[in-house]
Amino acid sequence: MSQGPSLKRTHYCGDLRLADRGTQVSLNGWVKRRRDHGGVIFVDLRDRTGITQVVFDPQIDEKSHAIADAVRSEYVLHVSGTVREREPGELLFHADAAYQTELTDGNLSSAFRTLFSDADPKYALSDDIEVATRELGARWLLTDLENNRTYHIANEDIDGENRLGIYQGTVNPELDTGEIELAVDVLRILNTAKTPPFPVEDEIDVAEDIRMRYRFIDLRRPEMQETLAMRHKAALAARNYMNEQGFLEIETPILMNSTPEGARDVLVPSRHYPGRFYALPQSPQQFKQILMMSGVDRYFQIARCFRDEDTRADRQLEFTQLDIEMSFAGVDDVLDVTEGLMKRIFEEAGNIPVEIPFLRLPYHESIARFGNDKPDTRFGMELTDVSDVMADCDFQVFTRTLETGGQVKAIAAPGGADFSRKDIDDLTKFVAIYRAKGLAWVKVTADGFSSGIVKFFTTEQLETAQARTGAKPGDIMFFVADKPNIVADALGNLRLHLGKQLNLIDETQYNFLWIVDYPLFEWKEEESRYEPFHHLFTGCTEETLPLLDTDPGNVQSQHYDLVCNGYEICSGSVRIHQWDVQQKVFDVLEITPEDVENRFGYFIDALAYGTPPHAGIAPGLDRIVMLMRNEENIREVIAFPKSQQGLCPLTHAPSVVADEQLEELSIRVDADL
RNA sequence: GGGCUCGUGGCGCAGUUGGUCUAGCGCGCCUGCCUGUCACGCAGGAGGUCGCGGGUUCAAGUCCCGUCGGGCCCGCCA
């Protein structure tokens, strides 16, 4: 077998700097763009680190120049040559040598500046000027950052007179490698490429399905490479941190038992046991608890999780959790470790400073103030209850709702007094999504209150509402009257909607906070029974433990969520470690002993063999990276995400399988294919 | 399960009340010219039957029904 020529590179495309000038280097990369000037050809060569301009000049190497003629976008090249400083371009004008001192202190006089604009108005200098000394007292590089131009300035001897020659610069201030270029003497086209369906660069305006179909091209784009790298760094930081904290990384099965609770399982048929199925883990919940029972003490895993539910912008069918569990630990222990982990990840991978400890907000307070348990606290506009004042107003929409156990709450939108009829109609439609029957509003103006419904209220009632919402003249107050959960949903989402619309959110901020003191159970009206608020194994506080027998609705769990900028990024709890407590939870949930035995028999059994108190948490890696990258879509931070309908746009999974495969699995498909 | 929305050359879009639409624009692509560009420039050129199916009509990219695909959301997501 013959061995091909060397593919070895000496540098990556983002590596070379002025200090490397004169050296002989080799690069591999993709052609970002080719500019053919007839005599000389420029190619921007790209790899995951950056771009280097490579030059094909017949005077350097005729053969390379000839080959470069055929090069097109996304061709794969190997080039060798000499790194050289980008030389001065055309002479623009000469200036008095006296201006030299201005270059030295980088403070240009208006007289000197005028020379530039006189040469051509397009050379008029901005105030954003940088001067770099290339040779002491002899050569300078002047960069106009605002206009993206550079000038080479050289101290020259013209007819025995000392003058400054001002040349058009060829340095590209937008490139890290912009001060150099590679003069190529060896070019090998390693592969050709069809014209890509979209350009490989940032800020492209292309439909997402096109990007997904050609994900291998999309991922070449610098911002995608940056995301991939950041995700890697986040996982690495997490691994290092967890290791330092004494956690062992342990893998748990991907093929496990189906659990009917919670999300739908992704099922895998068993060949050996016809009619039986494995389930992919929704999370390694039971296994991580069993690891605690197994004396592992501290476990973590970067675990893939599967939930067969409909997707959202921040939800995928499969996603990744940093799964954590620790023995002999209570709430504070887990929160401490997690805070350290978040700080480490955000600072190391995202270069985002994080202040710890994080605030802790009780669940009920979060619902009351923000309408949900994942508040975006980067802006105000908090919900406020005005039920008490509105109880005796003349607005029947409010009073009737209050009489039937409902609630009236309000928020104030800054500047909302300018909202048009249509603006408000749109917002009314918006809250209708959350089943709110209407949206009452009152504008606060310099002359008082303004609205069609002002007549139903006393001035005092509206003034109280104004005081509580903090509305100022020029603002608008919105009211929703309904059942508490609808009020919370509608106003909580309206708050977010307006926060975005009115630009109230500081995108540079990262507001972490814990949501704590969740209830253990939720009463399901329709089925008139309790359901776990989170899952079956969540423990409760010692104080409310007795209520398991008497008043399950008021049992307080030891669950906690970590929220950042309106996203739930971690979720966890202290677990039940006592057999009898676990049994009581099953009782409250009316799970029969038979069911318990069938579904959790092994688990209950294990609990009885000396289970240490333990607690855990599971930070969502995808959402963390999403936050660090300031993305609003989870697909942007997953290399190969699925579409909303669960299709892989690249491989077209899921696919039809051969009849023989189905036969082996004893599966008959009841669907038109 | 449901609501909203998008689908026109490779990409991004325009296409009024159905009638010079014999489907237009920008980018990209191809050919030629050009030795300092970096969104190079100049000249010329190719390329789409309007997601798919059916219907209304003298006439459909345009109206109606269905369907497929993408997206956002409600439900769902312990």
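Each chain gets a letter, A, B and so on, in the order the sequences are listed, and its residues count up from 1. Values reported hereafter were calculated over all heavy atoms of this structure, with side chains retained and with hydrogens, waters and symmetry mates removed.
The partner of B:rU49, taking Watson-Crick or G-U wobble pairs whose two distances both stay under 3.5 Å, does not exist in any strand shown. Partner assigned to B:rC63 is B:rG55, using Watson-Crick or G-U wobble distances below 3.5 angstrom.
Side-chain proximity of A:Glu181 to the nucleotides B:rC77, B:rU37, B:rC29 is greatest for B:rU37. Closest to the A:Asp310 side chain, of the nucleotides B:rG71, B:rC34, B:rG1, is B:rG1. Of the candidates B:rU37, B:rG12, B:rC77, the closest approach to any side-chain atom of A:Ile210 belongs to B:rG12. Listed nucleotides B:rG12, B:rG71, B:rU35 differ in distance to A:Arg635; the shortest reach to its side chain belongs to B:rG71. Comparing B:rG70, B:rU37, B:rG28 by their nearest atom to the side chain of A:Thr195 picks out B:rG28. Nearest to the side-chain atoms of A:Ala313 among the listed nucleotides B:rC29, B:rG12, B:rC73 stands B:rC73. Comparing B:rC38, B:rG70, B:rC72 by their closest approach to the side chain of A:Asn633 singles out B:rC72. Nearest nucleotide to the side chain of A:Ala207, out of B:rC38, B:rG12, B:rC74: B:rG12. Among B:rC77, B:rG36, B:rG28, the nucleotide with an atom closest to any side-chain atom of A:Arg307 is B:rC77. For A:Arg72, whose side chain is taken as the heavy atoms from C-beta onward, the closest listed nucleotide among B:rC76, B:rC38, B:rU31 is B:rU31.
If you check every strand for non-hydrogen atoms under 4.0 Å, A:Gly262 touches sugar and phosphate atoms only. Using a 4.0 Å heavy-atom cutoff across all strands shown, A:Glu261 reaches no nucleic acid atom at all. Heavy atoms of A:Asp308 sit nowhere under 4.0 angstrom from any nucleic acid atom. Across all strands, A:Gln59 comes closer than 4.0 Å to base atoms (heavy-atom distances). Residue A:Phe533 is classed as a sugar-phosphate contact, given heavy-atom separations below 4.0 Å to backbone atoms only. In this structure, A:Ser283 reaches the bases: a heavy-atom distance under 4.0 Å links it to at least one base atom across the strands shown. The residue A:Arg84 sits close to a base: some heavy atom pair falls under 4.0 Å.
The residue among A:Asp205 and A:Val55 whose nearest nucleotide of RNA chain B is located toward the 5' end is A:Asp205. Ranked by how close their nearest RNA chain B nucleotide is to the 5' end, A:Asn493 and A:Pro197 are led by A:Pro197.
Phosphate contact (OP1/OP2 of B:rG70, side-chain N/O of A:Arg213, threshold under 4.0 Å): absent. An OP1 or OP2 oxygen of B:rC74 is reached within less than 4.0 angstrom by a side-chain nitrogen or oxygen of A:Arg312. Put simply, A:Gln53 has no side-chain N or O that comes within less than 4.0 Å of OP1 or OP2 on B:rG36.
Taking the P atom of each, B:rU20 and B:rG36 are spaced 49 Å apart, rounded to whole Å. Distance check on atom P: B:rU5 versus B:rC64 gives 12 Å, rounded to whole Å. Between the P atoms of B:rG54 and B:rG12, the separation comes to 27 Å (whole Å). Look at the P atom in both B:rC29 and B:rG69: the space between them is 33 Å, to the nearest Å. Nucleotides B:rG41 and B:rG18 are separated by 44 Å at their C1' atoms, to the nearest Å. Rounded to the nearest Å, the gap between the P atom of B:rG45 and that of B:rC25 is 13 Å. Comparing the same atom, C1', in B:rC42 and in B:rC4 gives a spacing of 48 Å after rounding to whole Å. Comparing B:rA60 with B:rG55, their C1' atoms sit 11 Å apart, to the nearest whole Å.
Regarding A:Arg211, its CZ atom lies at a distance of 13 Å from the C1' atom of B:rG71, rounded to whole Å. We find that CD of A:Gln645 is positioned 14 Å from P of B:rU67, with the value rounded to whole Å. Atoms OH (A:Tyr214) and P (B:rG70) sit 16 Å apart, rounded to a whole Å. For the pair A:Arg35 CZ and B:rC42 C1', the computed distance is 17 Å after rounding to whole Å. Going from atom CD1 of A:Ile204 over to atom C1' of B:rG10 covers 13 Å, rounded to whole Å. For A:His652 and B:rG69, the NE2 to P distance is 11 Å, given to the nearest whole Å. Rounded to an integer number of Å, the gap from A:Lys437 NZ to B:rC74 P is 19 Å. Atom C1' of nucleotide B:rC72 and atom CD of A:Glu632 are separated by 12 Å, given to the nearest angstrom.
Under the 3.5 Å distance criterion, with hydrogens and angles disregarded, no donor-acceptor pair is assigned to the side chains of A:Tyr123 and A:Asp144. A side-chain donor from one of A:Gln301 and A:Thr252 sits under 3.5 Å from a side-chain acceptor of the other.
A donor-acceptor contact under 3.5 Å is formed by the side chain of A:Arg315 with the base of B:rC77. Checked by distance alone, A:Arg86 brings a side-chain donor or acceptor within 3.5 Å of a matching partner on the base of B:rU37.
A:Asp69 has a carboxylate O that lies under 4.0 Å from a charged side-chain N of A:Arg34, or vice versa, which qualifies the two as a salt bridge.
No side-chain heavy atom of A:His535 sits less than 4.5 Å from a side-chain heavy atom of A:Glu261.
For the side-chain contact (heavy atoms from CB on, under 4.5 Å) test with A:Leu77, the passing option among A:Val71, A:Val54, A:Leu27 is A:Val71; the others fail.
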Practice prompt. Under the side-chain contact (heavy atoms from CB on, under 4.5 Å) rule, what do A:Ile505 and A:Lys500 come out as? Steps first, then yes or no, please.
Written response: CA-CA 7 Å; A:Ile505 300 172; A:Lys500 284 176 195 157; 4.0 Å; yes

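Ring-base stacking between A:Phe42 and B:rU37 is satisfied, the centre separation being under 5.5 Å and the plane angle under 30°.
Ring-plane geometry between A:Phe116 and A:Tyr151 is classed as perpendicular, the angle between the planes exceeding 60 degrees on a 0 to 90 degree scale with a lower cut at 30. Using the six-membered ring where Trp is involved, A:Phe586 and A:Phe600 have ring planes that are parallel, under 30° apart on the 30 and 60° scheme. Between A:Tyr214 and A:Phe198, the ring planes lie perpendicular to each other; the angle is over 60°, past the 30° to 60° tilted range.
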